[in-house]
Amino acid sequence: MSNHVILSTHGLRKSYGKRDNRFEALRGINISIKQGETVAIVGKSGSGKSTLMHLLALLDKPTKGIIELDGADTSKLRQGQLNRLRNKKFGFVFQSFFMNANDSVLNNVILPLKIAGLRSHRRRRQAMHALKTVGLESKAKNKANDLSGGQKQRVCIARAIVNEPEIIFADEPTGNLDSVTGGKIEDLLFELNRKQGITLIIVTHDAELAKKCDRQIRLVDGRVADESTNPKRRTPKPTSYFTHDTGDTDADGILNTDKEEA
Amino acid sequence: MKLIDIIKDANRNLLRNKLRSFLTILAIFIGSFSIISTSAIQAGVNDFIDGQVNSYGGEGYLAIASKDSFEAIENLQNASDGPLEYNPDKIQTGATAIEPATIAKLKDIAGIDPDSVQEQKTISVDYITSAQTDKKYILSAEALPPGHIKVDTVAGTTPDLNNRDEYQILLPEDYVSALGYDDAAAIIGQTVTLGVVDQYRHETKKFTPKVVGVIAPGVVSLGYAYTNTFLADDIYAENSKYYPAELKEQVFALTASYDYQNYDIATIKDELEEIGLSAMTVEDIIGQIKSFFDVILGVFKIFGFIALLAAGIGIVNTLFMSVQERTREIGLDKALGMSSRHVFLGFTLEAISLGFWGSLFGIAVSMTIGHLANTAFHAENGLLAAFPTFNLATYTIHDIINVVILIIFIAFIAGTLPARQASRKNPIDALRYE
Ligand SMILES: Nc1ncnc2c1ncn2[C@@H]1O[C@H](COP(=O)(O)OP(=O)(O)OP(=O)(O)O)[C@@H](O)[C@H]1O
Ligand SMILES: [Mg+2]
């Protein structure tokens, strides 16, 4: 874990609805997350975990407050920049899979690269590599729908890492799985963090999973109730996991401001 | 995202719902088929008429009658508007005679060749026969109008209008074998016998004109035989032998030619109007045939457009259904960084693709049917066997491209509604959508 703050929020608020129906899902969140850190967001159902994760992932806009990415205010970014940022720097693992069920496993993993506009032989190679990492290269041609729940979640992880992201957002990545399969998924995520220094932000109900993270942020009614660090965990220095040329996906440079500022 | 990937995805999405896409394409097909078919028939008819006009020539030819005569015809045509009020200043028997003074004024109009002005006599022939056969056939004959009229002959020439020594006639091709000759060339120079009767006592007088030419079948000639002026005058004299003296002198219709290269027909028509005459050119006459076809085909074209509009609504409906079904997919695409513009483009491309295949399908089926119909009609005993140059349906590249562009445009417009809805979806709402 480096000391570079990759994501931070200041007075973050989010409310839904209007007037009488107005509901404050987040009521002033101040957190900061370091590069390479693993953070668990925990709390009761309805406490605002998913809402916070969506805001951090720049999928939604806060009602009030600021989200800084690498020290830069994200509200200043144009829609196109936000799209490219999510496409190239973020990886998503959604709670309920979110796959194109009738498409092949490979095409599902390829999706972020297709959106990025990579050439087809290159995105194939990169997607196969990601599938190998989650141990599903033999299922590349299968229809996504025909896989088991655990395999589907691994496909989602492959899709989340295929663009070599800096941050992976995972909403209940093990929520639908039995404890053995869930454990495998957890190992996979932490291995990515250990080997490549990918920052992990995990929303979970699972206390066991939360304990494995560097830090737990507990939400109660849209506020941070407490933060606890796990002193035992140490993240080793990141090493490169992709062996081939990766110049293309980083060409954008939206996030590379940290180098100047550091 | 690359355009080629967006196009591929759009087509793949259409194939995901094969039946639904097929039905939408079918609706577009109906519109495409009716529009391209009517365009093709229109082009075919126009080509044919233009070809006929070219073969007929007739530039500078004028058919002239009194204004009242033309009005009487118009009144007949407008009879559906209810009876017209009686006007004691106008004789309502139909044709009104043209006064000799008017004829003199007509000859003075600039641009009109005074020598060409002549009475157009309606002649009637009772029968035609020849030395080669015992049978008699009926015949419609007309004096060949002066001017630039070309009669399309398969053998021989046109009659010599200035020849007043010899009766000459041009016969339609059907009469060659009926009159006992092997081919058109064999009848040229032979004499045939015309039986002509007067209008009152029906005494028959025989004329023996020389056949100088055989006319190719066509729409403008309509199976008429043409005589030279000399023969027409004498047949008319026989027809009207017992007419009252004043009636014999009366002139109802004239033909003339004008200098079409140096004078404007509109000016000449205005001047004719001033002296109480009306004139029609060959183009006016042909125009009546064309406008008749145009009205019928216009109705079919309107049906085609209505079908296309309905098909457009079909596209909107189909794509709205897709947007609904694919809400989560769109949300995922957008969460993973796809721009709204690309989502919009994807859906409009689906609409365009539907339009493209529908229009192509319609054109292909129409062209196949058109080709079969042309072949069938031109076969022996076919409906159009007598008109080898007439293709019922003529497909021009211009029409084909226009129809494809029109339909793609309608499809695009229809597609923008659902595409807009899709592109505006918020990734979070779309992902929360169950
Ligand atoms: N689009 C929305 N409109 C209105 N209210 C919303 C909307 N999204 C979320 N909420 C409300 O905001 C609160 C927080 O929702 P959120 O999904 O963040 O909860 P959560 O902590 O993720 O819960 P869970 O553990 O059940 O997933 C809830 O009370 C929810 O009803
Ligand atoms: Mg949640």
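In what follows, chains carry the letters A, B, and so on, assigned in the order in which the sequence lines appear, proteins first and then strands, with residues in each chain numbered from 1. Nothing here was measured: the structure is a model prediction, and the numbers come from that model.
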Separation of B:Leu336 CG from A:Asn83 CG (nearest 0.5 Å): 10.5 Å

Approximate separation, where rounding is to 0.5 Å, of B:Lys334 NZ and A:Ile115 CD1: 11.5 Å

Contacting moiety of A:Asp103, where chain B heavy atoms sit under 4.5 Å: side chain

Between NE2 on residue A:His54 and CG on residue B:Asn426, distance to nearest 0.5 Å: 10.0 Å

A:Arg124 atom CZ: more than 12 heavy-atom contacts under 6.0 Å: no

Neighbour count >12 (heavy atoms, 6.0 Å) for atom CZ, B:Arg16: yes

Straight-line distance of A:Asp60 CG to B:Asp429 CG, nearest 0.5 Å: 7.5 Å

Full working for salt bridge (charged side-chain N to carboxylate O under 4.0 Å, His left out) between A:Arg123 and B:Asp5: CA-CA 13 Å; A:Arg123 63 199 190 201; B:Asp5 287 322; 2.8 Å; yes

Closest non-hydrogen atom pair between A:Phe92 and B:Ala335, with its separation: CE1-O, 3.6 Å

Distance in Å, B:Glu329 CD paired with A:Asn102 CG, rounded so as to fall on 0.5 Å steps: 9.0 Å

Atom OH of A:Tyr16 with >12 non-hydrogen neighbours under 6.0 angstrom: yes

Contacting region of B:Arg12 [heavy-atom separation from chain A under 4.5 Å]: side chain

Toward chain B, the part of A:Asn107 with a non-hydrogen atom under 4.5 Å: side chain

Nearest-0.5 Å distance, CG of residue A:Leu82 to OG of residue B:Ser339: 12.5 Å

Atom of A:Leu59, atom of B:Pro427 and distance for their closest heavy-atom approach: O-CG, 4.0 Å

B:Phe303 atom CZ, over 12 foreign heavy atoms within 6.0 Å: no

Heavy-atom closest contact (A:Phe98 atom, B:Leu332 atom, distance): O-CD2, 3.3 Å

Side-chain donor/acceptor of B:Arg328 to backbone N/O of A:Asn100, under 3.5 Å: no

Heavy atoms of other groups near A:Lys139 NZ, more than 12 under 6.0 Å: no

Residue B:Arg420 excluded, over 12 heavy atoms near CZ under 6.0 Å: no

Whether over 12 other heavy atoms sit under 6.0 Å from B:Ile397 CD1: no

Residues, nucleotides or ligands: over 12 heavy atoms within 6.0 Å of B:His371 NE2: no

B:Asp333 and A:Lys114 ion-paired at < 4.0 Å: no

